[in-house]
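Read through the structure below, which is laid out as structure tokens, and then see the notes.
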Amino acid sequence: MTSARLPLFPLNTVLFPGLVMPLNVFEQRYRSLMRDLSALPEDAPRRFGVIAIRDGHEVAPSALGLPDSGTLPAPGPTAGFGPDPAKSFHSVGCVADAATIREQKDGTFEVLATGTTRFELLSVDSSGPYLTAEVKELEEEPGEGAGALASGVVRAFRMYQKRLAGARERTLAAEQDLPGEPSVLSYLVAAAAVLDTPAKQRLLQAPDTASRLAEELKLLRAESAVIGKLPSLPAVDLTRRPTSPN
């Protein structure tokens with residue numbers, strides 16, 4: 001088994017391969033990470049690992065609003081994650097490549113990162129200014145019947161979009177072309193569907209494309225059935241993802 005070491009960026013959300021994620025980086029530990037990535041040679045990949053938080057806080061606690069600031073944990077790479085941060089994270093994450101890193105006048109960073117490949121978290125090192133991890137990158141296996149499942153997911157996703165638009169009393173825009181490649185489709189649908197973090201995490205760590213598509217087919221059908229019985233939903237863009245406040 002070959003492994004690699006990556007800087008770690010824990011979030012309260014899931015990043016999927018092929019999807020773009022904007023980040024607003026203001027904590028000192030992640031500013032240090034972005035400064036180190038920015039210092040790499042121009043042609044070098046600026047890679048870090050995005051991992052979903054299972055139990056902990058995306059932003060370290062601050063003294064604001066606390067009755068006794070003396071109880072505030074010391075700032076550092078593990079702040080918000082406890083003495084053993086590995087236990088606070090899910091076991092599978094996504095490698096991100098920072099295509100754009102812009103430092104602002106106040107020292108914060110605006111980052112645009114793209115998910116590339118999945119990884120399994122093996123261990124976490126907290127000895128530096130930010131967390132690093134030993135990871136094993138996971139190959140995407142097609143699984144059995146991925147092509148046929150992809151066709152079913154496309155139909156189910158179209159119905160899901162229509163039901164969602166109807167519940168929000170909105171007109172569905174012209175249908176977006178969906179990718180024909182099953183694994184790309186599986187990640188796009190996983191990112192676009194309005195699901196909670198545990199559900200998205202299950203899709204990320206599916207053993208192969210076919211398993212992910214099969215799970216999505218069940219989820220989309222179930223969600224469409226529920227939405228069809230609701231009078232209205234809050235107007236939130238289906239595929240819009242907010243900038244993560246870090």
Within 6.0 angstrom of R221 CZ, more than 12 heavy atoms from elsewhere: no
Aromatic ring proximity, centroids under 6.0 angstrom, F9 and Y30: yes
Residue pair L203 / A190: nearest heavy atoms and the distance that separates them: CD1-CB, 3.8 Å
Separation of S91 OG from I51 CD1 (nearest 0.5 Å): 7.0 Å
Validation row: L121, K136 side chains within 4.5 angstrom (heavy atoms): no
Where L213 and V153 come nearest, the two heavy atoms and their spacing: O-CG2, 3.4 Å
side-chain contact (heavy atoms from CB on, under 4.5 Å) partner of T78, chosen from S88, P83, P85: P85
Criterion side chain to side chain contact (heavy atoms under 4.5 Å, CB included) on T100 and R102, from CA distance to verdict: CA-CA 6 Å; T100 304; R102 292 194 179 96; 3.4 Å; yes
Side-chain heavy atoms of T117 within contact of C94, under 4.5 Å: no
Any L178 side-chain heavy atom under 4.5 Å of R158 side chain: yes
L23 and L11, any side-chain heavy atoms less than 4.5 Å apart: yes
Nearest non-hydrogen partners of Y160 and S224, listed with the distance: CA-OG, 3.2 Å
Single-linkage hydrophobic cluster, 4.5 Å side-chain cutoff, M159 and L220 together: no
Donor-acceptor contact below 3.5 Å, side chain Q201 vs main chain V92: yes
Short side-chain to backbone donor-acceptor contact, S32 and Q28, under 3.5 Å: yes
Within one Ile-Leu-Val-Met-Phe-Trp-Tyr cluster: V184 and L217, side-chain cutoff 4.5 Å: no
Atom CD of E144: over 12 foreign heavy atoms under 6.0 Å: no
Verdict with reasoning, R47 to E137, per salt bridge (Lys or Arg N to Asp or Glu O under 4.0 Å): CA-CA 13 Å; R47 302 166 77 240; E137 293 193 22; 2.4 Å; yes
From CG (L138) to CG (L204), nearest 0.5 Å: 8.5 Å
Any donor-acceptor pair under 3.5 Å from R118 side chain to P17 backbone: no
Interatomic distance, F157 atom CZ to L185 atom CG [nearest 0.5 angstrom]: 8.5 Å
Criterion side chain to side chain contact (heavy atoms under 4.5 Å, CB included) on D125 and L131, from CA distance to verdict: CA-CA 6 Å; D125 182 359; L131 297 176; over 6 Å; no
Pairwise side-chain contact, L122 with S3, heavy-atom cut-off 4.5 Å (strictly under): yes
Within one Ile-Leu-Val-Met-Phe-Trp-Tyr cluster: V25 and I53, side-chain cutoff 4.5 Å: yes
Stepwise side chain to side chain contact (heavy atoms under 4.5 Å, CB included) test for M34 and L37: CA-CA 5 Å; M34 294 307 155; L37 292 178; 4.0 Å; yes
Pairwise ring-ring contact (aromatic ring centres under 6.0 Å, His included) hits with a residue in residues 90-122, at least two apart: none
NZ-CZ distance between K87 and R54, expressed to the nearest 0.5 angstrom: 11.5 Å
pair T132-L8: side-chain heavy atoms closer than 4.5 Å: no
Test item: L6 and V95 side chains (from C-beta on) under 4.5 Å apart, heavy atoms: yes
Side-chain (D97) to main-chain (R46) donor-acceptor, under 3.5 angstrom: yes
Polar side-chain atom of E27 near backbone of R29 as donor-acceptor pair, under 3.5 Å: no
NZ/NE/NH1/NH2 to OD/OE distance under 4.0 Å, E140 and R212: yes
Side chains of E103 and S38 in contact at under 4.5 Å (non-hydrogen atoms): no
Residues that Y187 engages under ring pair (Phe, Tyr, Trp, His ring centres under 6.0 Å), provided they are two or more places apart: none
Point-to-point distance, once rounded to the nearest 0.5 Å, from OG of S183 to CD of E141: 11.0 Å
Closest approach of T209 to S186 (non-hydrogen atoms, all atoms of both residues): CG2-OG, 4.2 Å
Worked verdict on K200 versus F16 for side chain to side chain contact (heavy atoms under 4.5 Å, CB included): CA-CA 9 Å; K200 286 181 179 285; F16 293 95; 3.9 Å; yes
Closest non-hydrogen atom pair between D208 and G143, with its separation: CG-CA, 3.7 Å
Heavy-atom pair of closest approach, residues A96 and T116: N-OG1, 4.5 Å
